[in-house]
Protein chains: 2
Amino acid sequence: MPAMSRGAPRSVTSRVLAILGAFSAERVTLGVSEISRHTGLPLTTAHRLVGELVRWGALERDDAGRYHVGLRLWEVGSLAPRGLGLRETALPFMEDLYEITHQNVQLAVLDGAEVVYVERISGPRAVSVITRPGSRLPLHATGVGQVLLAYADRDLQERVLSGPLRRFTGNTVTDAGELRRVLAAVRRDGVAMCDGQVETFSLSVAAPVYGPADTVVAALSVVVPAEGTDPRTIVPPVRASARGISRALGWAGHRSTHR
Amino acid sequence: MPAMSRGAPRSVTSRVLAILGAFSAERVTLGVSEISRHTGLPLTTAHRLVGELVRWGALERDDAGRYHVGLRLWEVGSLAPRGLGLRETALPFMEDLYEITHQNVQLAVLDGAEVVYVERISGPRAVSVITRPGSRLPLHATGVGQVLLAYADRDLQERVLSGPLRRFTGNTVTDAGELRRVLAAVRRDGVAMCDGQVETFSLSVAAPVYGPADTVVAALSVVVPAEGTDPRTIVPPVRASARGISRALGWAGHRSTHR
DNA sequence: GTCCGTCTTCCGTTGAATGGAAGGCCCAGT
DNA sequence: ACTGGGCCTTCCATTCAACGGAAGACGGAC
């Protein structure tokens, strides 16, 4: 389903990037011809470019002649401010939150019109979730997404509201009017409670994380089973942790209106 | 000290990679002209390539017109098997180890003739260390390095032993013969104890992590203050955690000779 | 044995990448 | 207010690196 066949990229740079983009969570290793097929590049060209990427360490080659993303690229990737930087400061708070809830704790940021999960703490007692660091989901159907959208600029909000809202389950908000009401509620309460909108058996409680400029830079959430503890009991710890991260990031601390 | 001026890369691919390589922990944001200077590329060329990288999401541009590594690249980087894959399985064990020791817990892998730190758990009570995920150090002077070298193939061992051994402190092993003895001891004990060889005030206890093929794929270590608790007391937990990670990675479990 | 899918090398052609020159912008110094 | 110097950006004629077809090598399946 992913990996739309693109119309043969022209510049060398875009070709190189297309090769990197051919790797995904589902396909962590690829052969030259697979890369060629996924990117639409001629086999010879893919072969040559892959060779250069290996020489640098962006890709690595296993004994079977298949390729995977290399350590060097991982190193460079870790320099992304919204990746590692955020992660480093958030992790301790996320661990505390995990100790309290023993459920999946997730941190996500906004990129384009999607949620990107940056970090997750999971454990044996937590419900399984489909997300992992690096995965993307649409904004309207997840707790973190609703938080990020609620505090995003008008432009993006309108763009999402006017676009199609993909349905995942019977609970997914797919009506623009209803989503508008949800977003208003998130802004009012400073928290999103999103029940079974991606997977029926789980719900998430999400709160915004502020940066120094008093803008929302990320969202923190806990995912719990749909049946069981009252989700309202985990609102305070989620809020507290989100606030802790915000402070650690240099947030001045106004907006203390929410109790 | 870093960023040696390279003699003007020729192919487009290598130029693109040179740009990515210009970013480092010390320089997470760069302007076009800085990139040009660091890579030796003509300003115009750097400008054009950076533009393409931004369009794809490999780099991002802030309001000031400076660039930093983008989320998209972080995503792809997270696919590195020895980065995220390892991390995911190791993290729970590392957390347990942290709970026991309340000291820095580090996970590292071998790349070329260097140690690359993949993950670190730190806390308020831990001594500060210079490493962070993504940083590199030579093999001979760190606990994890000595472990990785001890179990590396002969080729690499000879290469390191015959090369210059950089001195960090008065304790650093810089003599090839002595290093040989240290490595033998590591193989015998299944653990490396490395005192003050990078920084005088700390020492580390490191143990090997095995993969399914019964080869060493990583090293786990705890860094403790040089003065204080007897380092021998943390050997058992470090060994146990390293073993736990090995098992979780699919290690069959022979070599159980070490007690 | 043959077939089919894969990876790899070679090399003559060509069009994409190149980078100098020039223009715009902003700040600091005078 | 003017000037100089640092940046970033655009333009476009030249050229050299990227291209990719063809052909060979390998390896497994039937």
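The sequence lines fix the lettering, A, B, ..., with proteins before strands; numbering per chain opens at 1.
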Just the endpoints, please: which first and last nucleotides of DNA chain D, 5' to 3', lie under 4.0 Å from a heavy atom of chain B? dC7(D) to dA18(D)

Which residue pairs pass the salt bridge (charged side-chain N to carboxylate O under 4.0 Å, His left out) test with at least one member in [range], sequence neighbours excluded?
{"range": "residues 143-169 of chain A", "answer": "R154(A)-E158(A), E158(A)-R180(A)"}
{"range": "residues 140-151 of chain B", "answer": "none"}
{"range": "residues 46-67 of chain B", "answer": "R82(A)-E60(B), E34(B)-R66(B)"}
{"range": "residues 67-80 of chain A", "answer": "E75(A)-R136(B)"}

Closer than 3.5 angstrom, by distance alone: can the side chain of Q146(A) be matched with the main-chain N or O of H140(A) as a donor-acceptor pair? yes

The residue, S33(A) or V12(A), whose nearest nucleotide of DNA chain C is more 5′ is S33(A)

Comparing T13(A) and R37(A) on DNA chain C - which has the more 5′ nearest nucleotide: R37(A)

What pairs with [X] under side chain to side chain contact (heavy atoms under 4.5 Å, CB included), at least two apart in sequence or on another chain?
{"X": "S241(B)", "result": "L97(B), L220(B)"}
{"X": "P92(B)", "result": "none"}
{"X": "T44(A)", "result": "none"}
{"X": "Q106(A)", "result": "Y117(A), R120(A), V129(A), T131(A), S221(A), V223(A)"}

Can you name the side chain to side chain donor-acceptor pair (under 3.5 Å) partners of S36(A), sequence neighbours left out? none

Among residues 44-72 of chain B, which ones have heavy-atom contacts with DNA chain C below 4.0 Å? T44(B), T45(B), R48(B)

Using five base pairs at each end, measure the axis-to-axis angle across the helix from dG1(C)-dC30(D) to dG23(C)-dC8(D) and round it to 10 degrees. 50°

Can you measure I35(B) atom CD1 to dG19(C) atom P for me and round it to whole angstrom units? 16 Å

Once you round it to whole Å, what is the distance between P of dA22(C) and CG of L43(B)? 16 Å

